[in-house]
Amino acid sequence: MINKHIRHFLKFDDFKLDDLIYILNRTKIIKDKFKKYETHMTLHDRTLAMIFEKASTRTRVSFEAGMYQMGGSVINLTSHDSQLSRSEPIEDTARVISRMVDIVMMRTFDQSRIEKFAKYSRVPVINGLTNEFHPCQILADIFTYIEKRESIKGKTVTWIGDTNNMLYTWLQAAELFDFYLNVSSPIGYNINLSQIDQKRFKNHLKIFNNPKEACKNVDLITTDVWTSMGYESEKDKRINDFKDWCVTSEMMSYANNDVLFMHCLPAHRGEEVTAEVIDGSKSVVWDEAENRLHVQKALMEFMLLGKL
């Protein structure tokens, strides 16, 4: 069992709705101060350890910059420059690192690996991405939508493409924030209904074979790369299988007039999305990317200091 008295953020639904709303409200305050060049150093003298077993750009920059901006310090570790590459048990790594720092962000492969780390950690652990979930990204996405459209409750989000960690996190978010999720993926890449509680999500999830149908009268369309890390050997096959699941201006035209487009990045123009869409007026991907910085600052503050 994971230590219950420590706040870990390993899946999106690890926190209650009230806590997530607090973090989003706090994000706005922190972002507003950032834009005004006002200091916000509530994490002075705190140390964040970042453990990367998967490569990263946005996750590293956003967490590292965020912790420094909050007055803390950062230690960056990869599997290549730590004992993790020499098969040190993950529980031993957790026991040691958590005695030396205040909070840990880990980006790794199987969810079971970060859960084992958290079980033996004496400090809060944040999921920076696993094969199964990407909670920090969805937290930023929801903040971005609320920032642009005030509320996501009752809205409809359409996911086009592969059923990956982003999609499964969107599903948890839909239930908590009470919005609807349309999903369209090619045959053979559909959401695995045996891996989710269908009764729990039945009021929030709708599956479409035709991606254009999934885009009708929706408020947000989002996607991700067709070939996630670990599936590079399938790239050529996936490009062929997903060719009708590229988000185009035609797909966007089926949505509501004020629809937004999101992508967690990196993006491959001409594959999962056209340049016209991602660089167009409906796209908020750059705000979405920046907001990783702000929501993670609010998240770390909450996990270390509680509600201020």
Side-chain angles (χ1 to χ4, degrees), residues 2-3 5-11 14-15 23 26-27 30 34 39-131 133-137 139-140 165 229 264-266 289-306 308:
I2 292 170
N3 194 333
H5 74 276
I6 300 175
R7 296 183 182 95
H8 297 304
F9 191 53
L10 309 183
K11 307 190 310 300
D14 280 345
F15 288 169
I23 292 167
R26 193 72 180 162
T27 298
I30 291 170
F34 176 83
T39 57
H40 184 84
M41 295 194 173
T42 53
L43 299 185
H44 173 70
D45 206 28
R46 301 297 181 103
T47 302
L48 164 70
M50 303 190 300
I51 302 172
F52 289 100
E53 296 185 313
K54 276 191 173 185
S56 167
T57 300
R58 279 153 293 277
T59 296
R60 177 176 177 180
V61 173
S62 57
F63 270 106
E64 190 164 344
M67 194 60 173
Y68 285 132
Q69 290 166 16
M70 301 276 276
S73 56
V74 181
I75 299 169
N76 179 48
L77 297 169
T78 70
S79 56
H80 300 294
D81 56 23
S82 70
Q83 294 296 331
L84 288 169
S85 64
R86 299 179 184 176
S87 302
E88 180 178 46
I90 193 73
E91 53 267 39
D92 290 356
T93 302
R95 287 183 176 113
V96 173
I97 289 177
S98 66
R99 284 173 176 259
M100 300 177 178
V101 302
D102 300 285
I103 189 167
V104 174
M105 185 284 298
M106 188 173 191
R107 184 178 174 98
T108 187
F109 293 89
D110 291 343
Q111 183 74 11
S112 60
R113 189 161 173 80
I114 196 171
E115 288 179 355
K116 182 178 284 189
F117 188 101
K119 179 179 179 180
Y120 292 93
S121 174
R122 294 165 56 141
V123 301
V125 178
I126 297 171
N127 181 352
L129 176 144
T130 61
N131 291 345
F133 300 108
H134 198 358
C136 292
Q137 182 64 58
L139 194 61
N165 50 10
M229 284 182 283
C264 63
L265 302 176
E290 178 191 337
N291 284 335
R292 282 285 301 277
L293 170 70
H294 306 301
V295 297
Q296 288 164 187
K297 287 159 73 173
L299 175 65
M300 290 189 290
E301 184 186 74
F302 171 70
M303 294 175 76
L304 286 171
L305 304 180
L308 302 179

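What you see below is based on every heavy atom in this structure, not just the backbone, and it leaves out hydrogens, waters and symmetry mates. It should be emphasised that the depicted structure is a prediction, and the values quoted were computed from it without experimental measurement.
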Chemist: Should Asp102 and Asp45 count as side-chain neighbours, where that means a heavy-atom distance under 4.5 Å?
Modeler: no
Chemist: Can you tell me how far CG of Leu129 sits from CZ of Phe109, rounded to the nearest 0.5 angstrom?
Modeler: 9.5 Å
Chemist: Supply the atom-to-atom distance Asn76 CG to Phe63 CZ, rounded to the nearest 0.5 angstrom.
Modeler: 12.5 Å
Chemist: Rounded to the nearest 0.5 Å, what separation is found between the NZ atom of Lys119 and the CD1 atom of Ile114?
Modeler: 15.5 Å
Chemist: Quick one: are Thr59 and Met105 in side-chain contact, heavy atoms under 4.5 Å?
Modeler: yes
Chemist: State, with a plain yes or no, whether a side-chain heavy atom of Met50 is found less than 4.5 Å away from one of Leu77.
Modeler: no
Chemist: For the rings on His294 and Phe34, is their centre-to-centre separation under 6.0 Å?
Modeler: yes
Chemist: To check you understand the geometry: which heavy-atom pair defines the closest contact between His8 and Ala118, and what is its length?
Modeler: NE2-O, 3.4 Å
Chemist: Against the six-membered ring of Phe15, is Arg7 placed for a cation-pi contact (under 6.0 Å from the centre, within 45° of the normal)?
Modeler: no
Chemist: What are the two closest heavy atoms between Ile23 and Val295, and how far apart are they?
Modeler: CG2-O, 4.2 Å
Chemist: Between His40 (side chain) and Ile30 (backbone), is there a donor-acceptor pair under 3.5 Å?
Modeler: no
Chemist: Between Thr108 and Thr130, does any side-chain donor sit less than 3.5 Å from a side-chain acceptor?
Modeler: no
Chemist: Short question: side chain of Ser98, backbone of Arg122 - any donor-acceptor pair under 3.5 Å?
Modeler: yes
Chemist: Please examine the side chains of Met67 and Ser73, heavy atoms only from C-beta on, and report whether any two atoms are closer than 4.5 Å.
Modeler: no
Chemist: Please determine whether salt bridge (charged side-chain N to carboxylate O under 4.0 Å, His left out) holds for the pair Glu301 and Arg26, giving the CA-CA distance in whole Å, both sets of side-chain angles, and the decisive distance to 0.1 Å.
Modeler: CA-CA 9 Å; Glu301 184 186 74; Arg26 193 72 180 162; 2.5 Å; yes
Chemist: Within the side chain of Asp14, is there an N or O that forms a donor-acceptor pair under 3.5 Å with the backbone of Leu10?
Modeler: yes
Chemist: Roughly how far, to the nearest 0.5 Å, is the OH atom of Tyr68 from the CD atom of Glu64?
Modeler: 5.0 Å
Chemist: Do the side chain of Arg107 and the main chain of Ile51 share a donor and acceptor less than 3.5 angstrom apart?
Modeler: no
Chemist: Would Leu265 and Gln137 satisfy side-chain contact (heavy atoms from CB on, under 4.5 Å), going step by step from the backbone distance to the final call?
Modeler: CA-CA 10 Å; Leu265 302 176; Gln137 182 64 58; over 6 Å; no
Chemist: Mind running side-chain contact (heavy atoms from CB on, under 4.5 Å) on Ile97 and Val104 for me, showing each step along the way?
Modeler: CA-CA 8 Å; Ile97 289 177; Val104 174; 4.1 Å; yes
Chemist: Given the rule in the side-chain contact (heavy atoms from CB on, under 4.5 Å) test, do Ile6 and Val123 qualify, once you have shown the distances and angles that lead to the verdict?
Modeler: CA-CA 7 Å; Ile6 300 175; Val123 301; 5.8 Å; no
Chemist: Got Thr78 and Glu53 here, is their nearest side-chain heavy-atom distance under 4.5 Å?
Modeler: no
Chemist: How about Lys297 and Thr27: do any of their side-chain heavy atoms sit closer than 4.5 Å?
Modeler: no
Chemist: Between Leu299 and Cys136, what is the shortest heavy-atom contact and its length?
Modeler: CD2-SG, 3.9 Å
Chemist: Whether Arg113 and Asp110 form a salt bridge (side-chain N of Lys/Arg under 4.0 Å from carboxylate O of Asp/Glu) is what I want to check.
Modeler: no
Chemist: Quick one: are Phe117 and Thr93 in side-chain contact, heavy atoms under 4.5 Å?
Modeler: yes
Chemist: For the CD1 atom of Ile103 and the CG atom of Leu43, what is their distance to the nearest 0.5 Å?
Modeler: 8.0 Å
Chemist: Can you tell me if Thr39 uses its side chain to pair, donor with acceptor, with the backbone of Met41 under 3.5 Å?
Modeler: no
Chemist: Does any part of the side chain of Met106, heavy atoms only, come nearer than 4.5 Å to the side chain of Asn127, both counted from C-beta?
Modeler: no
Chemist: Measuring from Asn165:CG to Phe133:CZ, what's the distance to the nearest 0.5 Å?
Modeler: 9.0 Å
